[in-house]
Amino acid sequence: GIQVEQSPPDLILQEGANSTLRCNFSDSVNNLQWFHQNPWGQLINLFYIPSGTKQNGRLSATTVATERYSLLYISSSQTTDSGVYFCAVRGSGTYKYIFGTGTRLKVLA
Amino acid sequence: GAVVSQHPSRVICKSGTSVKIECRSLDFQATTMFWYRQFPKQSLMLMATSNEGSKATYEQGVEKDKFLINHASLTLSTLTVTSAHPEDSSFYICSATQTSGVTDTQYFGPGTRLTVL
């Protein structure tokens, strides 16, 4: 099956800093989503981005499907950005999403 | 956006009892729902895929007789953990797919934290 690796596994930032999270996947995919899991466990959908670039406020994401990676950019980080960020990919011919290993982010005030 | 609810949000039970978790899509019809399990500080692992009106498809290593899944309608799927044991303690999360001609974004419920004593 598809392997999904995220880096870095852990990240500590000072409030206001920028960061880039990476998601590598081992095979071609039809869909890719980025999620934020808050400290209470709730998964929030950030982006549906099988290819190209999208922006939503301080967050943006880019997926280069041909090179099998996606990037999530967080600018001017805030303490509320803390949590775990997951990417999840769906291969062709299936509804199943495979989740990455996650990046645990802590933003310090 | 699409909303998925789960009930209960937290449950504590004694070993040997059964626990039912409900997953509902509140404002859309979900032909496919997914059940995930997440252990502390780990990623989400897919347990099973549930299609309305048909038997669930379980991932390798997931006991179908222990984790009973029912998807009786386009807005409701249930997961029943039968004869629960302490090792079943985990965070269970459901998601639902709103299939359209353009995207099939997965929307996640808030999760259910199960503790088996």
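When reading the values below, keep in mind they use all heavy atoms of this one structure, side chains included, and skip hydrogens, waters and symmetry mates.
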- Give, for atom CZ of Arg90(A) and atom OG1 of Thr97(B), the distance between the pair rounded to the nearest 0.5 Å.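 So the gap between those two atoms works out to 8.0 Å.
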
- Message: How long is the straight-line distance from CG of Leu43(A) back to CD of Gln106(B), given to the nearest 0.5 Å?
- Response: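 Separation between the atoms: 10.0 Å.
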
- Task: Taking heavy atoms only and a threshold strictly under 4.5 Å, list by residue number the residues of residues 101-109 of chain A that touch chain B; give 'none' if the list is empty.
- Result: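 Residues in range: Thr101(A), Arg104(A).
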
Do [X] and [Y] share a hydrophobic cluster, counting only Ile, Leu, Val, Met, Phe, Trp and Tyr and linking them when any side-chain heavy atoms are less than 4.5 Å apart?
{"X": "Phe86(A)", "Y": "Leu46(B)", "result": "yes"}
{"X": "Tyr107(B)", "Y": "Tyr85(A)", "result": "no"}
{"X": "Val62(B)", "Y": "Leu68(B)", "result": "no"}
{"X": "Ile69(B)", "Y": "Val11(B)", "result": "yes"}
{"X": "Tyr73(A)", "Y": "Trp34(A)", "result": "no"}

- Message: Tell me whether Lys66(B) at atom NZ has more than 12 heavy atoms from other residues, nucleotides or ligands lying less than 6.0 Å away.
- Response: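 More than 12 within 6.0 Å, yes.
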
- Evaluate whether atom NE2 of His85(B) has more than 12 neighbouring non-hydrogen atoms of other residues, nucleotides or ligands under 6.0 angstrom away.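 Yes - once you tally the heavy atoms of other residues, nucleotides and ligands closer than 6.0 Å, there are more than 12.
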
- Determine whether the aromatic ring centres of Tyr97(A) and Phe34(B) lie less than 6.0 Å apart.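 Between Phe34(B) and Tyr97(A), which both carry aromatic rings, the centre distance is not below 6.0 Å.
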
- Below 4.5 Å from any heavy atom of chain A, which atoms of Leu44(B) appear? Answer side chain, backbone, both or neither.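 For Leu44(B), heavy atoms of backbone and side chain both lie under 4.5 Å from chain A.
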
- Query: Is it the backbone or the side chain of Glu59(B) that comes under 4.5 Å from a heavy atom of chain A, or both, or neither?
  - Reply: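 Interface part for Glu59(B): side chain.
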
- Message: Tell me the closest heavy-atom pair linking Gly100(A) and Ser43(B), and the distance in Å.
- Response: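 Closest approach of Gly100(A) to Ser43(B), heavy atoms only: O-OG, 2.5 Å.
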
- Query: Which one of Gln42(B), Gln6(B), Lys41(B), Arg113(B) has the most heavy-atom pairs closer than 4.5 Å to chain A?
  - Reply: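 Of Gln42(B), Gln6(B), Lys41(B), Arg113(B), Lys41(B) has the most heavy-atom pairs under 4.5 Å with chain A.
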
- Item | Contacting moiety of Gln6(A), where chain B heavy atoms sit under 4.5 Å |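 It is neither, since no heavy atom gets under 4.5 Å.
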
- Task: Check the pair Phe99(A), Phe108(B) against ring-ring contact (aromatic ring centres under 6.0 Å, His included), reporting the backbone distance first and the verdict last.
- Result: CA-CA 13 Å; Phe99(A) 276 76; Phe108(B) 284 78; 5.7 Å; yes

